[in-house]
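Indexing begins at 1, ligand by ligand and atom by atom, following the structure's order.
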Amino acid sequence: MIWSRITGTGGYLPEKVLTNHDLEKMVDTSDQWIRERTGIAKRHIAADGQTTCDLAEVAARRALEAAGRSAQDVDLIVVATTTPDKIFPSTACLLQQRLDVHGCAAFDVQAVCTGFIYALGVADKFVRTGSARCALVVGAETFSRIVDWTDRQTCVLFGDGAGAVILEAGDEPGVLSTHMHADGAYETLLHVPFGVSQGYDKVCEHHAYYVEMRGTEVFKMAVNTLGRIVDETLEANGLDRSQIDWLIPHQANIRIIQATARKLGMPMDRVVVTVDEQANTSAASVPLALDTAVRDGRVKRGETLLLEAFGGGFTWGSALVKF
Ligand code: ACO
């Protein structure tokens, strides 16, 4: 039996930092409100001209280095992003060119904040079925480009960044299971209302397309849904919640993360939290959190990790990983 295993992780955050105090000068908000409601203190913002592919490239190279692989070993590239550089080609193809890799399959996955879980699930299936042996899986976003910086209800929540993993074929269990779900009935609770084939004239007219969110409804759905995905993941693997070493959640809001940790009966010192330093980086948040905890020595080889996320669509999902 072929398993897929994470053999290296990488991450990248743009240099520019925007603190809550900086935001106090931009909109009617306060550091105290943002910290109490979300747990966020600051976020990183891509420089003018710095693209999603630029962030993805640094994270990808760091993941390759950590895995002891060269770009030439990669035979599949999957990039999860909501903020691609171009309408087409995909950011995965742009990244492929940057890495000087030619010929292997490369495509983007769009599941907003659940994007990395989807990308990992898809890449895992490629590896398990023998279609790839060394996959590069990336979550990368320049979400700041689709945020209305005059809207205090959304602009305080998001940041930019990229995270990546190398997923290799092996005999030992690595990715134990992945779980992906969606329900398009909730489209308008969290969306960018315009795109290429709908409202493009408005985008051109206003030079803008922004995230719109009904935060309280999204919050409730996220807490309930993530509770269910935890149960589903444990059941599928015949595991008790005490057998999870680390919870590596999507970083949208510390209160959502705490609710999932309570559901798992996990103390917060077994939960990887980066939302305070990075805010919500959408598809990048789970791989960035994983990379942070691997590099600072918290997550060790052989430990069992529960990765989970919830986002626009709605989409939600999880991955149980023997690291
Ligand atoms: N600063 C100060 N006051 C604010 C701000 C702000 N930045 N934003 C809203 N307020 C005000 C509101 O106007 C409201 O005032 P009112 O009572 O006078 O009407 C008050 O604060 C409370 O607003 P709520 O929206 O009810 O606050 P809530 O406690 O729900 O927190 C938040 C809002 C942080 C957005 C929360 O609902 C949340 O985190 N939602 C989920 C976000 C999420 O998980 N998204 C999913 C992933 S994102 C993706 O997929 C792209």
Side-chain angles (χ1 to χ4, degrees), residues 18-43 52 80-84 109-119 139-161 180-184 186-193 195 209-227 229 249-261 273-276 278-286 288-289 307-318:
L18 192 69
T19 65
N20 292 348
H21 294 296
D22 294 327
L23 280 167
E24 285 174 348
K25 297 177 196 125
M26 296 161 63
V27 289
D28 180 15
T29 191
S30 68
D31 175 54
Q32 190 188 357
W33 190 97
I34 302 170
R35 281 178 194 265
E36 282 177 8
R37 300 287 177 130
T38 70
I40 298 166
K42 57 186 182 179
R43 67 287 290 142
T52 295
T81 187
T82 315
T83 47
V109 164
Q110 160 58 301
V112 204
C113 299
T114 318
F116 181 76
I117 300 288
Y118 269 58
E141 302 278 15
T142 45
F143 224 77
S144 61
R145 306 264 156 79
I146 55 168
V147 165
D148 179 354
W149 290 99
T150 66
D151 173 14
R152 69 176 185 174
Q153 302 201 27
T154 50
C155 77
V156 302
L157 303 174
F158 297 101
D160 300 332
M180 292 171 259
H181 296 282
D183 190 342
Y186 299 96
E187 173 193 351
T188 54
L189 292 189
L190 176 55
H191 67 149
V192 175
Y209 42 92
Y210 296 133
V211 175
E212 292 180 5
M213 177 169 72
R214 303 229 303 262
T216 312
E217 285 103 315
V218 175
F219 186 96
K220 284 183 195 146
M221 280 292 296
V223 169
N224 290 336
T225 310
L226 290 170
I229 199 89
H250 171 49
Q251 309 283 323
N253 184 315
I254 191 68
R255 293 184 292 142
I256 299 176
I257 294 171
Q258 285 163 341
T260 312
V273 174
T274 56
V275 70
D276 50 340
Q278 301 175 8
N280 180 350
T281 57
S282 187
S285 95
V286 171
L288 268 170
L307 283 50
E308 47 86 341
F310 178 89
F314 289 141
T315 55
W316 62 99
S318 64

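With ligand atoms numbered from 1 in the order given, ligand 1 contributes 7 (N) to contacts under 4.0 Å with heavy atoms of V156. Of all atoms in ligand 1, listed by their number and element, those nearer than 4.0 Å to a heavy atom of G311 are 50 (O). Against a heavy-atom cut-off of under 4.0 Å, N280 is close to the following atoms of ligand 1: 47 (C), 48 (S). Proximity to F310 (heavy-atom distance under 4.0 Å) selects the following atoms of ligand 1: 47 (C). Under a 4.0 Å criterion applied to the non-hydrogen atoms of I256, ligand 1 contributes the atoms 44 (O). Numbered from 1 in the order shown, with element, the atoms of ligand 1 that lie under 4.0 Å from a heavy atom of F143 read 51 (C).
With hydrogens and angles ignored, the 3.5 Å screen pairs a side-chain donor or acceptor of Q110 with a backbone N or O of V112. Between the side chain of S30 and the backbone N or O of W33 there is at least one donor-acceptor pair closer than 3.5 Å. Although no hydrogens or angles enter the test, the distance criterion places a donor-acceptor pair under 3.5 Å between the side chain of E24 and the main chain of D31. With hydrogens and angles disregarded, no donor-acceptor distance shorter than 3.5 Å links the side chain of R152 to the backbone of V27. At distances below 3.5 Å, at least one donor-acceptor pair connects side-chain atoms of S285 with backbone N or O atoms of Q251. The backbone N or O of L226 sits nowhere less than 3.5 Å from a side-chain atom of T260 that would complete a donor-acceptor pair.
Residue contacts with ligand 1: R37 is placed with a nitrogen or oxygen under 3.5 Å of a nitrogen or oxygen of the ligand (distance criterion only). At a 3.5 angstrom cut-off on N or O pairs, G215 counts as close to ligand 1. Geometrically, ligand 1 and N253 share a nitrogen or oxygen pair separated by less than 3.5 Å.
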Got a list of side-chain donor-acceptor pairs under 3.5 Å for residues 142-149, not counting sequence neighbours?
from : atom 1 : to   : atom 2 : distance (Å)
T142 : OG1    : T52  : OG1    : 2.8
S144 : OG     : D160 : OD1    : 3.3
S144 : OG     : D160 : OD2    : 2.6
R145 : NH1    : Q50  : O      : 3.0
R145 : NH2    : A47  : O      : 3.0
R145 : NH2    : Q50  : O      : 3.0
D148 : OD1    : T150 : N      : 2.9
D148 : OD1    : T150 : OG1    : 2.7
D148 : OD2    : T150 : OG1    : 3.4
W149 : NE1    : S144 : O      : 3.0

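For atom 51 (C) of ligand 1, the closest non-hydrogen atom on the protein side is C113 SG, 3.3 Å. Residue, atom and distance of the protein heavy atom nearest to atom 1 (N) of ligand 1 are T29 OG1, 2.7 Å. Looking only at heavy atoms of the protein, atom 31 (O) of ligand 1 is closest to R255 NH2, 3.7 Å. Looking from atom 43 (C) of ligand 1 to the surrounding protein, the closest heavy atom is V218 CG1, 3.7 Å. Counting protein heavy atoms only, atom 8 (N) of ligand 1 is closest to W33 CH2, 3.4 Å. With hydrogens left out, the protein atom closest to atom 34 (C) of ligand 1 is T38 CG2, 3.6 Å, a heavy atom.
Residues I40 and N253 form no side-chain contact, since every pair of their non-hydrogen atoms from C-beta on lies 4.5 Å or further apart. Side-chain contact between H250 and N280 is present, with heavy atoms from C-beta onward closer than 4.5 Å. Annotation: side chain of D151 is not in contact with side chain of Y210 (no heavy-atom distance under 4.5 Å).
Comparing V223, I257, T216 by heavy-atom distance to atom 26 (O) of ligand 1, the nearest is T216. When the options R152, E24, K220, Q153 are ranked by their closest heavy atom to atom 15 (O) of ligand 1, first place goes to R152.
Expressed to the nearest 0.5 Å, how far OG of S282 lies from CG of L157 amounts to 12.0 Å. Of the inter-residue distances, the one linking E141 atom CD with T83 atom OG1 reads 4.0 Å to the nearest 0.5 angstrom. Note that OG1 of T274 is 9.0 Å distant from CD1 of I254, once rounded to the nearest 0.5 Å. Taking CZ of F314 as the reference point, atom CD of E187 lies at 11.0 Å (rounded to 0.5 Å).
Within a 4.0 Å radius of atom 39 (O) of ligand 1, the protein has at least one heavy atom. For atom 45 (N) of ligand 1, a protein heavy-atom neighbour is found at a distance under 4.0 Å. For atom 17 (O) of ligand 1, the protein comes within 4.0 Å by no heavy atom at all. Taking a distance limit of 4.0 Å, we find that atom 10 (N) of ligand 1 is approached by some protein heavy atom. The nearest protein heavy atom to atom 49 (C) of ligand 1 is closer than 4.0 Å.
Of all the heavy atoms of L190, the ones lying under 4.0 Å from any atom of ligand 1 belong exclusively to the side chain. With a 4.0 Å cut-off on non-hydrogen atoms, A222 does not touch ligand 1 at all.
By the neighbour-count criterion of 12 heavy atoms within 6.0 Å, atom CD of E217 is densely surrounded, having more than that number from other residues, nucleotides or ligands.
Between G312 and ligand 1 there is a heavy-atom distance shorter than 4.0 Å.
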